[in-house]
Amino acid sequence: MNIRNTLITFLTHCSYHKEQCLAAIAAGKHVLYEKPFTINAAEAEKVFAAAKVKGVYIMEAVWTRFFPLVLDLKKMLHEDKIIGDIHHMTCDFSLQKDMENLPATHRYKDINLGGGALLDIGVYPLMWSNIVLDGSVGSSASTPEVSSTMVVIDGVDHEDIVVMEYSKTNTVGVLTASLRAKGTEEFLKVEGSKGVIIVSGPGCSLPRKVKMQVEGEEERVMNYDHEGMGFRFEADSVAKDVLEGRKENLIMPLEETVRVMRVMDGIRKQGGVVYPQDERERT
C-alpha cells in the first residue's frame, strides 16, 4: 500500500474542517486532520459517522500526545506513581499576538474562522489535564466538572481560565490560555503527595524537559531532544495504523476527540462564545 496515495492531511482553518473532511472521506481517502478537529462536537460526530460508513481511517492530529516525553510522563504518573497520589496541576499556554492591532479578518479574531484562544491553543492545556489527572482516553476517560471564564472581545475569547475538577479522585487542574501575553517555558506543574513534576519547553505543544522533585531524593532532570519538531512520532503511528488495517488510533481515538470537543463546547457556552457553525448545527 502506498500511504501517499491513500492518506490526506489538512492544515487549514477549523471552520473548513468539516466540509473538507467529508469530501476526502467521500473520495475514499484516510484522513489525518489538524486540531481542533472541527468547530464543535456535532460537526465531529457527523464526520466520524461518515468515515465509519465509508470504512476509512481518521484521526485528529494532536501531535504532542505521541511525544516520547508525554508517553513516559503518563507512565511515571499513573503506573510508577513517582510523585505519589496526584492532587493538583496547573498548565498555561500563552502567546503574545498583538490582538489589538491584528485585522478583524485574522484567524485569531475572526468568529467565522473559529477565532479565539480556546480552539487554537486552549486545546493543549485540556490535553495535559487529561494526561495528568486521568490517564485514560475516549470512552474510558472520566468526566470532570468544568468551570470557566473568558475575556471575550468582539465575540471571540482572548483569555481563558478553566478549572477541571475530578471528584472521583479529588484532583483539580487550573488551565489558562491567552493570546495577549507570552507564557514561560515551565508551562506545566503537577503536585503529588510525594513530590512535584515540572514540564517545560518552547511551548505547551512542544515539551522538551521534565524536572522531578521527589521527597527524600535529589532533583532529577530528563531532557528529550529529537530532530525536527517531532511530527514524525504521530506520523509513524498513523502510518502503522493504516498499513495494519486499523480505522482509528489507540493513543488518540475518535471518542477522545468528541469528548474534548464537548468540553470545549461547554466552556464556550459558559463564556458566551457562539460561532455561526453552532447555529447551523442546531437547525
Side-chain angles (χ1 to χ4, degrees), residues 6-65 104-124 126-127 130 137-139 141 150 152 154-157 160 177 205 231 234-235 238 241-242 246-249 251-283:
T6 61
L7 186 141
I8 296 176
T9 184
F10 290 91
L11 298 169
T12 56
H13 298 312
C14 58
S15 56
Y16 303 129
H17 288 188
K18 175 190 169 186
E19 298 306 324
Q20 291 174 339
C21 236
L22 289 174
I25 290 168
K29 302 296 184 181
H30 302 303
V31 179
L32 175 64
Y33 225 118
E34 175 63 12
K35 61 81 201 161
F37 189 75
T38 50
I39 287 285
N40 53 43
E43 286 191 343
E45 289 172 325
K46 288 184 178 180
V47 170
F48 292 151
K52 184 176 181 180
V53 169
K54 196 69 173 180
V56 297
Y57 179 93
I58 192 165
M59 193 190 87
E60 181 183 16
V62 187
W63 63 307
T64 310
R65 276 192 176 272
T105 54
H106 193 281
R107 69 181 181 91
Y108 288 135
K109 297 177 71 171
D110 192 340
I111 195 169
N112 296 297
L113 297 178
L118 181 64
L119 266 60
D120 194 80
I121 58 176
V123 65
Y124 287 109
L126 287 172
M127 176 204 75
N130 167 259
V137 293
S139 58
M150 291 176 158
V152 179
D154 295 328
V156 300
D157 56 303
D160 306 328
S205 60
F231 290 106
E234 175 186 69
V238 171
D241 283 340
V242 172
R246 287 184 287 275
K247 302 305 180 186
E248 63 180 296
N249 187 273
I251 294 176
M252 191 60 206
L254 307 184
E255 186 56 38
E256 178 64 10
T257 289
V258 174
R259 187 190 70 80
V260 174
M261 292 303 309
R262 287 173 180 158
V263 170
M264 292 197 293
D265 286 352
I267 292 169
R268 289 197 294 111
K269 184 176 181 179
Q270 292 182 38
V273 174
V274 180
Y275 296 120
Q277 294 85 351
D278 297 325
E279 301 292 346
R280 288 199 288 270
E281 289 300 320
R282 284 195 281 264
T283 58

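Of the candidates Val273, Val260, Asn40, Asn40 is the only one forming a side chain to side chain contact (heavy atoms under 4.5 Å, CB included) with Asp265. Considering Thr38, Val53, Ile58 as possible partners of Phe48, the one that fulfils the side chain to side chain contact (heavy atoms under 4.5 Å, CB included) test is Ile58.
In this structure, Asp120 pairs ionically with Arg107, as a charged nitrogen and a carboxylate oxygen lie closer than 4.0 Å. Ion pair Arg262/Glu45 flagged as a salt bridge, since at least one NZ, NE, NH1 or NH2 atom sits closer than 4.0 Å to an Asp/Glu carboxylate oxygen. Ion pair Glu256/Arg259 flagged as a salt bridge, since at least one NZ, NE, NH1 or NH2 atom sits closer than 4.0 Å to an Asp/Glu carboxylate oxygen.
Using a 4.5 Å cut-off on side-chain heavy atoms (C-beta onward), Ile251 and Glu234 make no contact. Counting only heavy atoms from C-beta outward, the side chains of His17 and Glu43 never approach each other to under 4.5 Å. Within the 4.5 Å cutoff, side-chain heavy atoms of Asn130 are placed close to those of Val137. In this structure the side chain of Pro36 never reaches within 4.5 angstrom of the side chain of Val123, judged on heavy atoms.
Separation of atoms CD1 (Ile8) and OG1 (Thr6) is listed at 9.5 Å; rounding is to 0.5 Å. For the atom pair Leu7 CG and His30 NE2, the distance stands at 7.0 Å (nearest 0.5 Å). For the atom pair CD1 of Ile39 and CD of Gln277, the computed distance is 4.0 Å after rounding to the nearest 0.5 Å. Separation of atoms NZ (Lys46) and SG (Cys21) is listed at 14.0 Å; rounding is to 0.5 Å. Note that CG of Asn249 and CE of Met59 are 5.0 Å apart. Values are rounded to the nearest 0.5 Å. One finds the CG atom of Leu126 at 6.5 Å from the CE atom of Met264 (value rounded to the nearest 0.5 Å).
Residues satisfying the side-chain contact (heavy atoms from CB on, under 4.5 Å) test with Glu19, not counting sequence neighbours, are Leu22. For Lys54, the side-chain contact (heavy atoms from CB on, under 4.5 Å) test picks out Ile25, Val56, with sequence neighbours left out.
Listed here is the closest heavy atom pair of Ala177 and Gly122: CB-CA, 3.9 Å. Nearest heavy atom pair, residue Asp278 against residue Arg268, reads OD2-NH1, 2.7 Å.
Put simply, the side chain of Thr64 gets close to the backbone of Ser205: a donor and an acceptor are under 3.5 Å apart. Using a distance-only test at 3.5 Å, with no hydrogens or angles considered, a donor-acceptor pair links the side chain of Thr9 to the main chain of Leu32. Under the 3.5 Å distance criterion, the side-chain polar atoms of Tyr275 are left unmatched by any main-chain donor or acceptor of Val156. Remark: side-chain polar atoms of Lys247 are paired, donor with acceptor, to backbone N or O of Gly55 under 3.5 angstrom. Of the possible donor and acceptor atoms, none in the side chain of Asp157 sits under 3.5 Å from a partner among the backbone N and O of Met150. A donor-acceptor pair under 3.5 Å is formed between the side chain of His106 and the backbone N or O of Tyr108.
Trp63 and Phe231 have parallel rings, their planes meeting at less than 30° on a 0 to 90° scale where 60° marks the start of perpendicular. Classified by interplanar angle (parallel below 30°, tilted 30° to 60°, perpendicular above 60°), the ring pair Phe37/Tyr33 is perpendicular.
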Intermediate values then yes/no, side-chain contact (heavy atoms from CB on, under 4.5 Å), Ile267 and Leu118: CA-CA 9 Å; Ile267 292 169; Leu118 181 64; 3.9 Å; yes
